[in-house]
Engineer: 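Structure provided below as structure tokens; questions to follow.
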Amino acid sequence: MCLVVVEYIIVLQNQHTICMEEAMASPLSIRLDERLRLNLEQEAAASGIPLSQLVRDLLETGAKRARRDRIRRDSARVARYVAATPSAQELFEETGGTHGA
């Protein structure tokens, strides 16, 4: 990995150039109670990463999970609608059904 400082930081990683200004959003301030902060600091230390990285990783994982859950709920809602609506069932069959699902 090579770091080059010019007008802003450029990180060369896996043969791709990423502008850190574009890759990182503006800072976010969150309040943690003492117990939670201590637990997170201990986990970060045990993992050998900075606290900020641990919090970003946890938030990213949670956001991905929330997105998948929302997609599943929306898909289930559509399936219920199709199952309960003859015109939707007809349209569904006309367009090819489940497409192999």
Side-chain angles (χ1 to χ4, degrees):
M1 182 186 304
C2 174
L3 247 46
V4 178
V5 178
V6 188
E7 207 169 306
Y8 33 75
I9 298 174
I10 303 281
V11 177
L12 298 176
Q13 187 176 38
N14 298 329
Q15 304 300 323
H16 299 290
T17 303
I18 301 168
C19 170
M20 292 304 289
E21 213 168 74
E22 294 173 9
M24 299 297 284
S26 59
L28 172 67
S29 176
I30 58 174
R31 296 180 194 272
L32 302 174
D33 65 30
E34 191 64 32
R35 183 176 174 198
L36 177 57
R37 183 179 182 97
L38 179 62
N39 288 340
L40 290 171
E41 286 173 343
Q42 289 173 346
E43 184 61 34
S47 300
I49 59 175
L51 176 60
S52 59
Q53 180 65 49
L54 175 68
V55 171
R56 275 192 304 273
D57 292 349
L58 292 170
L59 288 172
E60 184 178 328
T61 300
K64 286 178 182 178
R65 184 178 307 128
R67 181 176 186 272
R68 282 192 306 268
D69 290 347
R70 181 179 43 81
I71 290 169
R72 285 187 188 108
R73 284 191 311 272
D74 289 348
S75 297
R77 183 181 48 79
V78 169
R80 286 190 303 274
Y81 173 78
V82 169
T85 311
S87 61
Q89 290 173 8
E90 192 175 304
L91 179 63
F92 192 75
E93 290 303 318
E94 286 175 12
T95 59
T98 61
H99 298 283

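Positions are given from 1, in the same order as the sequence printed here. Atom set for the values below is all heavy atoms of this structure, side chains included, hydrogens, waters and symmetry mates excluded.
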Engineer: State the CG-CD distance between Asn39 and Glu43, to the nearest 0.5 angstrom.
Structural biologist: 9.0 Å
Engineer: When rounded to the nearest 0.5 angstrom, what distance separates CG in Leu40 from OG in Ser47?
Structural biologist: 10.5 Å
Engineer: Without swapping roles, check the side chain of Gln89 against the backbone of Ala83 for a donor-acceptor pair under 3.5 Å.
Structural biologist: yes
Engineer: Any non-hydrogen side-chain atom of Glu94 less than 4.5 Å from a side-chain atom of Leu91?
Structural biologist: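 A side-chain contact under 4.5 Å exists here.
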Engineer: Go through Asp74 and Arg77 one step at a time and tell me if the side-chain contact (heavy atoms from CB on, under 4.5 Å) criterion holds.
Structural biologist: CA-CA 5 Å; Asp74 289 348; Arg77 183 181 48 79; 4.1 Å; yes
Engineer: Of all the heavy-atom pairs spanning Ala44 and Leu54, show the shortest one and how long it is.
Structural biologist: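 Closest pair (atom of Ala44, atom of Leu54, distance): N-CD2, 3.6 Å.
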Engineer: Mind checking the OG-CZ spacing from Ser75 to Arg70? Nearest 0.5 Å is all I need.
Structural biologist: 10.0 Å
Engineer: Tyr81, Ile71: one ILVMFWY side-chain cluster at the under-4.5 Å cut-off?
Structural biologist: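 In one cluster: no.
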Engineer: For residues Leu38 and Leu32, determine if any side-chain heavy atom of one lies less than 4.5 Å from a side-chain heavy atom of the other.
Structural biologist: no
Engineer: Strictly below 4.0 Å, N to O, side chains only: are Arg37 and Glu41 in salt-bridge contact?
Structural biologist: yes
Engineer: Considering only heavy atoms from C-beta outward, does the side chain of Glu90 approach that of Pro86 to under 4.5 Å?
Structural biologist: no
